[in-house]
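What follows is a short report on a single structure.
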Number of protein chains: 2
Amino acid sequence: MSRTSSRTSGPPPTLADVAERAGVSRQTVSNAVNNPDLLRADTLLRVQQAIADLGYLPNRAARNLRTRASHLIGLRIQAAQEGTANATMDRFVHSLVETSREAGYHVLLFTGDPTDPLSGYEDLLRSTAVDAFVVTDTYLGNPQAEWLDGRRAPFVAFGRPWENSEATHAWVDVDGAAGCESATRHLLAKGHERIAWIGWRKDSRIGEDRRAGWHRAMKEAGLPTSGLASRVEDTVASGREASEVLLDEAAPTAFVCASDTLAMGVLHTLGLRGLRVGDDVAVVGFDDSQVAQVVRPGLSSVRQPLEDVAIEVVTALEGLLGRPRVAQQGVLLTPSLVVRDSSGPDRS
Amino acid sequence: MSRTSSRTSGPPPTLADVAERAGVSRQTVSNAVNNPDLLRADTLLRVQQAIADLGYLPNRAARNLRTRASHLIGLRIQAAQEGTANATMDRFVHSLVETSREAGYHVLLFTGDPTDPLSGYEDLLRSTAVDAFVVTDTYLGNPQAEWLDGRRAPFVAFGRPWENSEATHAWVDVDGAAGCESATRHLLAKGHERIAWIGWRKDSRIGEDRRAGWHRAMKEAGLPTSGLASRVEDTVASGREASEVLLDEAAPTAFVCASDTLAMGVLHTLGLRGLRVGDDVAVVGFDDSQVAQVVRPGLSSVRQPLEDVAIEVVTALEGLLGRPRVAQQGVLLTPSLVVRDSSGPDRS
DNA sequence: GTGAAAGCGCTAACAC
DNA sequence: GTGTTAGCGCTTTCAC
């Protein structure tokens, strides 16, 4: 017994096949599929029965050609960095695929020359292979935004237009500052006063944003920050080295890091010095990566609401592609803090 | 200055536009694109110039409709398991996208009801949205293979047809047994004699395959295996518990694990007991996950050659879709061992 | 509410 | 070698 009533093979049925079987014209079948309310109830039923009998599904290519839409969303992906804890993209991709499907879109993946943020987009656009893009690699700055805007290509960015506050395109982002602020407050509440920051180099807008959250929380608590911050590359080794220097020179009792990768570096340092993670020095990372979840002791981490990001992205996309066009500007979502043992106990 | 000589917007140029500009017929332009050798050199040049001037790229929908091909490969993805170290799919997806592009294909992602291995495939197939599938979730057994075969749907499986050795479809897999055998040999060479196995439950064919590699290496070395193996769920907690029991009851000096997730559980146990990873007890995982790369001490791990898997998959796909049809049966690739500190020093 | 005609942009088949 | 004809399967007019 087959899962559907369609034939097991042979050429797929067309609109004409359904029309013949239902004894109506092709147009009526098309309406039954796309504008059911136009049909009389009994005709509709007859057509739907024929559709079910035949296992008919509209041919995508034909529909795409006619409607000038592919119902495909392009997403450029990059190789996951080896030696890094970051798997944000993976989680986002899955959420995006899921959410897109509900909106009638599929996700088409492509890659491009890593040194050229624009490569790959143009061909897909010109060949009308995709209806829109989701642009994620905005940490490079996003020349894509400007370029796509110029091409009148619909797109939604996951990431704010840092450089260009007049940008009018739709975007969704996660409030990294709020995340790090809450991580810092969490440590303050536990009684820490010397909380260090390890983040990315100054040209990273995302890094500076996250750092601002730490800085804000410290200032609000009336605590000093000077000498407590370090800016390095996003590698475990950098995190280790930065934490060594900070421990020697500023004796912090806790670290907030711009990434789980950096936080892992801190854990290394603590291990090497025989300091107990959590009990002696607390650590909070960013991204709630698999590493944070699996390492011992568990690493507290700021978790981006990527499922919600995907939902907002698709909503914006629908606005962009739908009729009437509904413009959405920017959406900023707040991450949550996942508390694990690296936060340590409350300090007396 | 624009990146191409095409107009910045307006409706994209069609074959007819190019034909007019080059002073040839539409068909000649089509040939210039698809069968350049059919044209006289000077005509070809003229057409190519017109194509470049206009920034012409064939409309995908039209081409797809005419050729009955979408040049899209469907790949069903699942949510990454939280609390697990596994990111194999992520790496594979990227390699597949990259390799597919070189072969003229794009990857279309879709999801399906996790409890139904078939869901999602049918609609894409019937609507001719994809030319073929890459089937990865074969650990469920793969009813997809049989089903797709019945539909005459082209597909390549990443994963052997464990249950059905008469299956004739194309597949690519990684030799887990060979990987675990080499991991075990590596530990034997360091002087270990009591090497334990922690793997998955018996109904996992992949798990049993990997276990066989450990078993084979032990037998070849003339060492006993009884009491040294454990089969559990793929979670960190299970790995921790299994290693506790094994340490108590069989006193192994090394562990080979079916996954990095399980290996992390072993590391937890060693930490809790004050045993030094590597020095006191060696551990090898499987997958070379980010966790293995980032944890301290580094976790030795068997790494699947996913880039090569992708290449073989695409090769098989090209055989399936190309003319003439070139059937490829099965390809088994050998993983490599990435040695890190958890292997420990040679033992006297 | 339903049907007939036209055409989206492309390429396979054939004529010249 | 190049041009002409036809049609892939669908949806958007516009009659009826």
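We use all heavy atoms of the structure for the numbers below, so side chains are in, but hydrogens, waters and symmetry mates are not. The sequence lines fix the lettering, A, B, ..., with proteins before strands; numbering per chain opens at 1. Remember, it's a predicted structure, so these values are computed and weren't measured experimentally.
- The phosphate of D:dT11 has OP1 or OP2 within less than 4.0 Å of a side-chain N or O from A:Ser30.
- Per the geometry, CG belonging to B:Asn34 stands 18 Å off P belonging to D:dG1, to the nearest Å.
- Within 4.0 Å (heavy atoms only), B:Leu65 reaches at least one base atom of the nucleic acid.
- The line from CZ of B:Arg68 to CG of B:Asp131 is 12.0 Å long, rounded to the nearest 0.5 Å.
- With rounding to whole Å, A:Leu57 atom CG is found 14 Å from D:dG9 atom P.
- Note on A:Thr14: every side-chain N or O is 4.0 Å or more away from OP1 and OP2 of D:dG9.
- If you measure from atom CZ of B:Arg60 to atom P of D:dC10, you get 20 Å, rounded to the nearest angstrom.
- Of the side-chain N and O atoms in B:Arg40, one or more sit less than 4.0 angstrom from OP1 or OP2 of D:dT2.
- For residues 31-43 of chain B, every residue pair satisfying the salt bridge (Lys or Arg N to Asp or Glu O under 4.0 Å) rule, not counting sequence neighbours, is listed here: B:Arg40-B:Asp42.
- Contact of B:Arg26 with C:dT11 (side chain to base): a donor-acceptor pair of N or O atoms is detected under 3.5 Å.
- Defined by atom type and a distance below 3.5 Å, a donor-acceptor pair is missing between the side-chain atoms of A:Ser70 and A:Asn64.
- Nucleotide C:dG9 holds its P atom 14 Å from the CD atom of B:Glu20, rounded to whole Å.
- Distance A:Leu38 CG to C:dT2 P: 9 Å, rounded to the nearest Å.
- Of the two residues contacting DNA chain D, namely B:Arg66 and A:Asn59, the nearest-nucleotide position lying further toward the 5' end is that of B:Arg66.
- Closest to the side chain of B:Gln27, out of D:dG9, D:dT12, D:dT4, is D:dT4.
- Backbone-only engagement by A:Arg68 is indicated by non-hydrogen atom pairs under 4.0 Å involving sugar-phosphate atoms exclusively.
- OP1 and OP2 of D:dT2 both lie 4.0 Å or more from every side-chain N or O belonging to B:Ser25.
- Here the P atom of nucleotide C:dG3 and the CZ atom of A:Arg46 are 8 Å apart, to the nearest Å.
- With rounding to the nearest 0.5 Å, the separation of CD in B:Glu307 from OG1 in B:Thr99 is 8.5 Å.
- Between B:Asn31 and B:Thr67, it is B:Asn31 whose nearest contact on DNA chain D lies nearer the 5' terminus.
- Ring planes of B:Tyr121 and B:Phe133: perpendicular class, angle over 60° (limits at 30 and 60°).
- Using a 4.0 Å heavy-atom criterion, one finds that A:Leu15 contacts the bases of the nucleic acid, with or without backbone contacts as well.
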